[in-house]
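The structure under discussion appears below in the form of structure tokens.
Note: hydrogens, waters and symmetry copies are ignored here, and every other heavy atom, side chains too, is used. To find a chain, count down the sequence lines: A is the first, B the second, and so on, and within it residues start at 1.
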2 protein chains.
Amino acid sequence: MALGDAILACLTEHPMTGYELAKTFDSSIGFFWKTDHQQIYRELSRLRDRGYIQGREVVQTGKPNKLVYTLTPEGRAAFRSWAARPSTPASVKDDLLVRLYALGAADIAPIRADLMARLEHHRDRAERYDRILKKHYADGSVAPADMGKLLNLRLGLRHERMVAEWCEEAITALSAISNSGSVRPLDPPSRETAG
Amino acid sequence: MALGDAILACLTEHPMTGYELAKTFDSSIGFFWKTDHQQIYRELSRLRDRGYIQGREVVQTGKPNKLVYTLTPEGRAAFRSWAARPSTPASVKDDLLVRLYALGAADIAPIRADLMARLEHHRDRAERYDRILKKHYADGSVAPADMGKLLNLRLGLRHERMVAEWCEEAITALSAISNSGSVRPLDPPSRETAG
DNA sequence: GACGCATATGCGTCAATGTGCATATGGGGT
DNA sequence: ACCCCATATGCACATTGACGCATATGCGTC
């Protein structure tokens with residue numbers, strides 16, 4: 001029930017609607033836990049049935065009414081006890097690395113194109129994290145409750161930078177294969193590959 | 001059907017039994033795609049039904065007979081066409097980061113313990129990758145077909161090192177919170193945290 | 001006026017995954 | 001004798017996930 005716990009984690013901050021949760025999962029917390037709004041609404045019903053959250057309808061004009069969900073004491077306790085349990089090791093699932101694993105039985109060109117798309121993606125992410133870090137955590141003091149978010153951001157930033165760098169190398173390496181049959185050991189990244 | 005494709009990727013190298021595949025998924029390819037033997041056997045049946053692989057029973061004495069699966073031409077083509085499609089962005093799901101996200105509503109001690117376990121895990125992994133790199137890819141020439149595995153290893157090594165370093169920082173930061181109420185901005189990692 | 005977009009909530013279906021359990025045998029430790 | 005481990009295969013059930021679709025309204029734009 002990890003999605004449920006991720007939702008509870010969001011609601012520890014302040015009450016939210018499913019729509020707001022969906023937006024949160026599309027930005028901050030979504031960087032390490034992906035879902036869509038359908039799954040969120042489904043999970044919200046379940047959490048409500050278990051008494052972990054409470055819905056309160058807010059009438060709106062011009063927009064559909066919304067359901068603001070608040071954490072109950074039981075919900076807060078449930079999150080706390082979940083958080084105290086050892087975490088399950090992060091699951092990694094990356095299509096692209098599977099393709100690279102069997103590179104000998106695949107076509108190079110589409111994989112190289114894939115890598116170039118990834119490079120852009122990771123660069124964007126890195127910039128985004130950097131901006132958030134500079135804006136919200138401008139290297140002063142950090143409230144203890146926000147320390148985790150800061151740590152997450154730092155991990156994210158380093159991860160994106162590292163992967164982007166790797167993408168550059170990988171693109172160079174694949175170009176070497178498709179251009180000539182023979183392959184030199186990897187050169188340091190040339191920094192001009194994607195221009 | 002991504003697990004199926006990962007299995008096909010393994011079988012492009014040489015025929016294998018479900019048991020051998022399970023071991024492979026527990027080591028090399030499992031570093032970026034996790035499963036267990038149950039899922040592998042189930043997927044093997046499906047791949048066989050679709051004609052992508054062919055099973056051949058090998059009678060053994062003292063052990064249960066085994067089923068060696070070979071890629072059919074159709075299977076090889078299926079893998080190739082899958083590999084040519086753009087990859088779906090890697091899904092990230094990490095419990096620990098969810099816990100950190102809502103650190104203010106959780107107990108610090110078990111999370112710090114978790115981080116210490118992770119630190120050890122990532123250090124082990126880094127060492128393991130390093131050993132494989134030095135053993136199999138001792139910086140000479142690389143066959144084009146093996147380039148992908150080399151790239152994967154390099155990514156893995158950097159990833160493990162980076163995360164291990166981050167774990168050290170995170171442990172230091174959490175100790176600062178639980179020891180005193182106030183929190184300084186993160187110090188550069190001390191490199192002496194873990195003995 | 002038709003169309004897309006943002007707001008806001010949800011259902012239904014099928015594929016993929018995770019978890020527990022079952023079965024069969026031989027070898028090594030206690 | 002008993003138990004655990006390695007070898008080797010697999011079923012059944014439950015949860016999660018992906019994807020399409022539905023509904024309702026107001027605003028801007030073509």
Less than 4.0 angstrom between a side-chain N/O of [X] and OP1 or OP2 of [N], yes or no?
X	N	value
A:Arg42	D:dG17	no
A:Arg46	D:dT16	yes
A:Gln39	D:dG17	yes

Quick one: does B:Gln38 reach the base of C:dG18 with a side-chain donor-acceptor pair under 3.5 Å?
-> no
Looking at [Y] and [X], is there a salt bridge between them, counting it only when a charged N and a carboxylate O are closer than 4.0 Å?
X	Y	result
B:Asp107	A:Arg80	yes
B:Lys149	B:Glu13	yes
B:Glu169	A:Arg158	yes
A:Arg118	A:Glu168	no
B:Glu120	B:Arg123	no

Expressed in angstrom and rounded to an integer, what is the separation of [X] atom [atom1] from [N] atom [atom2]?
X	N	atom1	atom2	value
B:Leu44	D:dA8	CG	C1'	13 Å
A:Asn65	D:dG26	CG	C1'	14 Å
A:Gln60	C:dA6	CD	P	17 Å
A:Lys66	C:dG10	NZ	C1'	18 Å
B:Ile40	C:dG18	CD1	P	11 Å
A:Leu3	D:dA18	CG	P	10 Å
B:Glu57	D:dT9	CD	P	9 Å
A:Glu43	C:dC11	CD	P	13 Å

Could you check whether the rings of B:Phe79 and B:Trp82 sit parallel, tilted or perpendicular, using 30° and 60° as the cut-offs?
->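 Ring orientation of B:Phe79 relative to B:Trp82: tilted.
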Which ring-ring contact (aromatic ring centres under 6.0 Å, His included) pairs, counting each pair once, include a residue from residues 8-30 of chain B, with sequence neighbours left out?
-> none
Closest to the 5' end of DNA chain D, once B:Lys93 and B:Tyr41 are matched to their nearest nucleotides, is B:Tyr41
For DNA chain C, the residues among residues 16-37 of chain A that have a non-hydrogen atom under 4.0 Å from it |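 Close to the strand are A:Thr17, A:Gly18, A:Tyr19, A:His37.
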Filtered N/O pairs between nucleotides 23-28 of chain C and protein, under 3.5 Å:
none

Under the 4.5 Å side-chain heavy-atom rule for ILVMFWY, direct or indirect, which residues accompany B:Val58?
->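 Its cluster partners, ordered by chain and number, are B:Val68.
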Please name all residues satisfying side chain to side chain donor-acceptor pair (under 3.5 Å) with B:Arg48, sequence neighbours left out, ordered by chain then number.
->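 Applying side chain to side chain donor-acceptor pair (under 3.5 Å) to B:Arg48 gives B:Tyr69.
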Complement of C:dG28, any strand, by Watson-Crick or G-U distances under 3.5 angstrom = D:dC3
B:Ala2 side chain, from C-beta outward: closest of C:dT17, C:dA8, D:dG10 =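 It is C:dT17.
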Sequence neighbours left out, what passes ring-ring contact (aromatic ring centres under 6.0 Å, His included) with B:Tyr129? Give chain and number order.
->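 Partners of B:Tyr129 by the ring-ring contact (aromatic ring centres under 6.0 Å, His included) criterion, ordered by chain and then number, come out as B:Phe31.
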